[in-house]
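Working notes, structure below.
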Amino acid sequence: MKAKMFNATHIEGVLYQHSLERKESGPNSAKPGTVYISGNIEITTDNALVNIVPVHFTYVTETTAKGTANPTFATLMNIVNGTYGSVMKDGADKAIKLRIDSAIGLNEFYTDREGKETLVSAKRNEGGFVHVVNALDESESNRNTFDVDMIITGVTVKEGDPDAGTVDKAIVKGAIFDFRKSLLPIELSATDSRAIAYFEGLEASPKNPVFTRVKGNQISETIVKTITEESAFGAPSVREVKNTRKDFVITWAQTTPYEWDDEGSITAAELKDAMTARETYLATVKQRNDEYKASKGNAIAAAKPAATTTTVASGGFNF
């Protein structure tokens, strides 16, 4: 397997708002009494303050694994205590400018939907290094990027709807890897007509996966459209319609995909091992969910873990 799997995101902009909290680990934790910060910060990456990209922090401690002071903890603490301002609390002029180098992760959990347990795997920026900056990149498109190695197993083209303000796009399905080289099934998008044609032309499938590197931009915006309807008499009717768009849009792909079983790529055996490890992980997530429901008096008997979205099949790779 490749020595390094690309999985990086870069977010820079103005602090919009946050839900960070200073906490302390309990007596039954691995390190009781450890002070840490968890929660989300939201960064508006464009000058219009419309594209708001969240970053999640699960467990940021005062010191690093090497015992040195953790600068990210100090920065987040200044956000928690209000030393650094945000758009929503203090206004855009007083909001701190930040640069965050993070990675794509998955927020995964089981939920009941119409009486059926369903696995939710939501993409998010997970952790990373946070820096205070004096100025932002002049190009807004450089402020919300991602760069990943991806195994593509399918491409579906979805037609846009002019009335809804959507465009044609290719949904690129497959998987990426985190820093532990754990498999993360995801879907990305491509909206440029040339990109759509390229990904369709790969003819990727579970039996013919394509391993390549792609880059793009994170879109996370809510556009408010005002609709005015004139009246036969009196004042016109005015209403607002909100259109929320969240997507990871591919804007670049390397010219030649990686060769399978190459030293700088991945072997079929290694990929199957990663899929097996994911099944084990999801079984653990399912077990925790069952235990939580049981503690609430809503246990559902299960002889075995529920089926997951990852299946190790001899005929192909289904994520």
Side-chain angles (χ1 to χ4, degrees), residues 4-13 15-43 52-84 86 96 98-111 119-133 144 146-148 176-186 218 220 248 274 277-278 280-293 295-296:
K4 176 186 177 182
M5 290 288 186
F6 286 103
N7 180 354
T9 65
H10 177 82
I11 305 103
E12 62 177 90
L15 177 63
Y16 189 75
Q17 62 184 358
H18 76 90
S19 61
L20 298 174
E21 293 183 286
R22 179 188 181 277
K23 299 181 179 181
E24 186 173 317
S25 58
N28 297 323
S29 64
K31 295 183 178 180
T34 300
V35 174
Y36 67 96
I37 293 175
S38 67
N40 293 334
I41 61 176
E42 296 181 8
I43 306 298
I52 302 170
V53 179
V55 183
H56 179 73
F57 296 89
T58 301
Y59 185 78
V60 182
T61 57
E62 292 182 275
T63 57
T64 67
K66 296 181 179 180
T68 59
N70 185 350
T72 293
F73 178 92
T75 301
L76 296 182
M77 195 67 237
N78 280 331
I79 293 175
V80 172
N81 61 31
T83 300
Y84 295 153
S86 67
I96 194 72
L98 298 173
R99 184 184 80 243
I100 306 174
D101 296 299
S102 184
I104 298 177
L106 294 179
N107 179 26
E108 297 192 290
F109 54 91
Y110 281 90
T111 186
L119 174 68
V120 176
S121 299
K123 295 187 294 294
R124 68 182 180 187
N125 294 287
E126 185 70 50
F129 301 98
V130 185
H131 306 276
V132 175
V133 296
N144 57 351
F146 66 86
D147 179 356
V148 295
I176 62 174
F177 296 86
D178 65 12
F179 72 95
R180 298 184 184 90
K181 296 187 178 180
S182 299
L183 190 80
L184 305 178
I186 66 167
Q218 297 187 52
S220 181
F248 284 66
R278 176 163 173 78
T280 301
Y281 162 74
L282 289 181
T284 302
V285 174
K286 177 65 168 59
Q287 181 180 355
R288 287 200 300 263
N289 179 70
D290 289 345
E291 291 173 349
Y292 174 78
K293 293 174 69 173
S295 70
K296 297 296 182 181

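Fair warning: this is a prediction, and the values are worked out from it, not measured in the lab.
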Taking the side chain as every heavy atom from C-beta outward, state whether [X] and [Y] have any pair of such atoms under 4.5 Å apart.
| X | Y | answer |
| --- | --- | --- |
| T75 | H131 | no |
| R278 | P185 | yes |
| N78 | I96 | no |

Check: Among K286, K293, Q287, which one satisfies side chain to side chain donor-acceptor pair (under 3.5 Å) with D290?
Finding: K286
Got a second to check how far [X]'s [atom1] is from [Y]'s [atom2], nearest 0.5 Å?
| X | Y | atom1 | atom2 | result |
| --- | --- | --- | --- | --- |
| N81 | L20 | CG | CG | 11.0 Å |
| E24 | S29 | CD | OG | 9.0 Å |
| H18 | I43 | NE2 | CD1 | 11.0 Å |
| H56 | I41 | NE2 | CD1 | 11.5 Å |
| I176 | K123 | CD1 | NZ | 9.0 Å |
| M77 | T83 | CE | OG1 | 8.5 Å |

Output all residues satisfying side chain to side chain contact (heavy atoms under 4.5 Å, CB included) with [X], sequence neighbours left out; order by chain, then residue number.
| X | value |
| --- | --- |
| N28 | none |
| T284 | R288 |
| T68 | T64 |
| K4 | F6 |

For residues [X] and [Y], report the shortest heavy-atom separation together with the two atoms involved.
| X | Y | answer |
| --- | --- | --- |
| T72 | V60 | CG2-CG1, 4.2 Å |
| S86 | Y16 | CB-O, 3.5 Å |
| F109 | V285 | CA-CG1, 4.3 Å |

Donor-acceptor check, side chain of [X] to backbone of [Y], threshold 3.5 angstrom: yes or no?
| X | Y | answer |
| --- | --- | --- |
| N70 | T61 | yes |
| S121 | L106 | no |
| N107 | A122 | no |
| S102 | G127 | yes |
| S19 | N40 | yes |
| T34 | S25 | no |

Margin query: Please determine whether side-chain contact (heavy atoms from CB on, under 4.5 Å) holds for the pair F177 and L183, giving the CA-CA distance in whole Å, both sets of side-chain angles, and the decisive distance to 0.1 Å.
Written below: CA-CA 5 Å; F177 296 86; L183 190 80; 3.8 Å; yes
Set of residues satisfying side-chain hydrogen bond (donor to acceptor under 3.5 Å, both in side chains) with respect to [X], sequence neighbours excluded:
| X | answer |
| --- | --- |
| N125 | T9, Q218 |
| H10 | E12, D101 |
| N289 | E117 |
| D178 | none |

Notebook entry, point to check: Listed by chain and number, what are the ring pair (Phe, Tyr, Trp, His ring centres under 6.0 Å) partners of Y36, not counting sequence neighbours?
Noted result: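 Only Y59 meet the ring pair (Phe, Tyr, Trp, His ring centres under 6.0 Å) criterion with Y36.
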Note to self: Going by the rule ring pair (Phe, Tyr, Trp, His ring centres under 6.0 Å), which residues pair with F146 if we only count those two or more places apart in sequence or in a different chain?
What the structure shows: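 Per chain and number, F146 pairs via ring pair (Phe, Tyr, Trp, His ring centres under 6.0 Å) with F248.
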Notebook entry, point to check: Of the options I79, V55, I11, V133, which is the one that meets L98 in a side chain to side chain contact (heavy atoms under 4.5 Å, CB included)?
Noted result: I79
Item checked: Residue list, salt bridge (Lys or Arg N to Asp or Glu O under 4.0 Å) with E126, at least two apart or on another chain -> R124
Next item on the list: With sequence neighbours excluded, tell me which residues meet salt bridge (Lys or Arg N to Asp or Glu O under 4.0 Å) with D147.
Entry: R213
